[in-house]
Q: 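Provided herewith is a single structure, encoded as structure tokens, for subsequent inquiry.
Small disclaimer: the values here were computed from a predicted structure and weren't measured. We name chains A, B, ... by the order of the sequence lines, and we start the count at 1 in each one.
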Protein chains: 2
Amino acid sequence: MARETSSSKGEIPKGALRAIVLSLLSDEPSHGYGLCQTLAGRTRSAFELSEGTLYPLLHELELEGLVEAKDGVSETGRKRRIYHLTRAGRRETESWRKHWLATAELITELLIPDAPARTRSR
Amino acid sequence: MARETSSSKGEIPKGALRAIVLSLLSDEPSHGYGLCQTLAGRTRSAFELSEGTLYPLLHELELEGLVEAKDGVSETGRKRRIYHLTRAGRRETESWRKHWLATAELITELLIPDAPARTRSR
DNA sequence: GACTATACCTCGACGTCCGATGTATCATGT
DNA sequence: ACATGATACATCGGACGTCGAGGTATAGTC
């Protein structure tokens, strides 16, 4: 069987998505479809953000007042909703960024027992 | 209302638990309760593994043949199930370790735009 | 005898994320 | 004119992982 139990290897870890999307938007405003591509590009397709995840998330962030959307048009003439961070969004981004940076470091330390650093020795 | 939507800040990211538990066991065999404490200790309580998560996971890993359990007794006389990795478990551990180390690095790179790496400057 | 720490276990609920599916427009090829 | 494929937005059902509350039992301490 060796079923792999799936355990979701190719997926974006729970909760990181918010931090990532916000962070991407803090680099520069973008629209949904573009965000998907940027992410796939920046991670060499290691993370592939499905639209079914992204759009609802974007709407949610908008409801929470963290992003705002402007309707626009691309050079090729297609409709676009450009999302950009609000001031509150910028604050939240920082908060989530710190949180996930710490989490990533924690995981790394746990997985490499002989890892150095640690700011506070023992 | 600044709802926080919870988005689970204090939690262990989805899927990382397997890697972490396997890695902990590869350091040294242990029992469930001990694992919880080790993890809380090693992360200064940033990750707190609930027993409701751990025990089912341990049973699952056992079913998959990644760990084996021996019944034992602690110095104080209490019953214990000591889990240790099988050969297959050791292999899986390495695989998950690599995966999560890469994931953690990826997140870090995404969150810090001026981070190095990138191998292919587009 | 009551209480706490140790030690194991099960169950239900919840949130996150994915995949499938649907719409419409623009560019290209025939 | 029509088919196709990339762009672009959107919704819905379902799966999976994790948590928290609860249950059992033994050892030590007051």
Q: What is the separation between atom CG on B:Asp71 and atom P on C:dT6, rounded to the nearest whole Å?
A: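 Spelled out: CG on B:Asp71 to P on C:dT6 is 20 Å.
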Q: Taking atom C1' of D:dA8 as reference, at what distance in whole Å does atom CZ of A:Arg81 sit?
A: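 A:Arg81 atom CZ is separated from D:dA8 atom C1' by 12 Å.
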Q: Respond yes when some side-chain nitrogen or oxygen of B:Tyr33 is under 4.0 Å from OP1 or OP2 of C:dT6, and no when none is.
A: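 For B:Tyr33, the contact criterion (side-chain N or O under 4.0 Å from OP1 or OP2 of C:dT6) is met.
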Q: Expressed in angstrom and rounded to an integer, what is the separation of B:Glu60 atom CD from C:dT10 atom P?
A: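 Spelled out: CD on B:Glu60 to P on C:dT10 is 13 Å.
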Q: With a 4.0 Å cut-off on heavy atoms, is B:Gly32 in touch with a base, just the backbone sugar-phosphate, or nothing at all?
A: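 Sugar-phosphate, no base atom in range.
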Q: For the pair made of CG in A:Leu49 and P in C:dG19, what is the distance, rounded to whole Å?
A: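 Value for this atom pair: 11 Å.
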Q: If we count only N and O atoms by modelled type, under 3.5 Å, do the side chains of A:Ser23 and A:Ser26 hold a donor and an acceptor together?
A: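 Distance-only check fails for A:Ser23 and A:Ser26.
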Q: Classify the angle between the aromatic ring planes of A:His31 and A:Tyr33 as parallel (below 30°), tilted (30 to 60°) or perpendicular (above 60°).
A: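 Judged by the thresholds at 30° and 60°, the geometry between A:His31 and A:Tyr33 is parallel.
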Q: Is the distance from OP1 or OP2 of D:dC19 to the nearest side-chain N or O of B:Thr53 less than 4.0 Å?
A: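 B:Thr53 to D:dC19 OP1/OP2: side-chain N or O found under 4.0 Å.
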Q: Strictly below 4.0 Å: does B:Arg80 bring a side-chain N or O up to OP1 or OP2 of C:dA7?
A: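 For C:dA7, OP1 or OP2 has a side-chain N or O of B:Arg80 closer than 4.0 Å.
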Q: Phosphate oxygens OP1/OP2 of C:dA7: is one of them under 4.0 Å from a side-chain N or O of B:Ser74?
A: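 Result: yes.
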Q: Measuring from the side chain of B:Lys14 (C-beta onward, heavy atoms only), which nucleotide among C:dT16, C:dG19, D:dC9 has the closest atom?
A: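 Per side-chain heavy atoms of B:Lys14, the pick is C:dT16.
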Q: Without decimals, in angstroms, what is the distance between A:Ile82 CD1 and D:dT7 C1'?
A: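 The answer, rounded to whole Å, is 13 Å.
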Q: Quick one: is B:Tyr55 getting a side-chain N or O under 4.0 Å of the C:dC8 phosphate, OP1 or OP2?
A: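 Affirmative; the distance criterion is met.
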Q: Nearest nucleotide by nearest heavy atom, which residue falls closer to the 5' end of DNA chain D, A:His59 or B:Leu57?
A: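 Looking at the nearest nucleotide for each, A:His59 comes out on the 5' side.
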Q: So do the side chains of A:Ile20 and B:Leu111 get within less than 4.5 Å of each other, counting heavy atoms only?
A: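 Answer yes - side chains close enough.
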Q: Treat each ILVMFWY residue as a node, draw an edge where side-chain heavy atoms are under 4.5 Å apart, and state whether B:Leu110 and A:Leu54 are in one component.
A: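 Shared cluster, yes.
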Q: Under 4.0 Å, heavy atoms only, any strand: does A:Ala16 hit a base, just the sugar-phosphate, or nothing?
A: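 The residue A:Ala16 makes sugar-phosphate contact but no base contact.
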Q: Mapping B:Arg78 and B:Leu58 to their closest nucleotides on DNA chain C, which lands nearer the 5' end?
A: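 Whichever sits nearer the 5' end wins; that is B:Arg78.
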Q: Once you round it to whole Å, what is the distance between P of C:dT16 and CD of A:Glu51?
A: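 Answer to the nearest Å: 20 Å.
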Q: Evaluate the side-chain proximity of A:Val21 to A:Leu39: yes if any heavy-atom separation is below 4.5 Å, no if none is.
A: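 Of all side-chain heavy-atom pairs linking A:Val21 with A:Leu39, none is under 4.5 Å.
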Q: At under 4.0 Å between heavy atoms, what does A:Gln37 touch on the DNA or RNA strands: base, sugar-phosphate, or nothing?
A: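 Here A:Gln37 touches the backbone only, sparing every base.
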Q: Rounded to whole angstrom units, what separation is found between the CG atom of B:Leu61 and the P atom of D:dG17?
A: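 Distance, rounded to whole Å: 11 Å.
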Q: Using atom CG of B:Leu54 as one end and atom C1' of C:dT10 as the other, report the distance to the nearest whole Å.
A: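 Going from B:Leu54 (CG) to C:dT10 (C1'), I get 14 Å.
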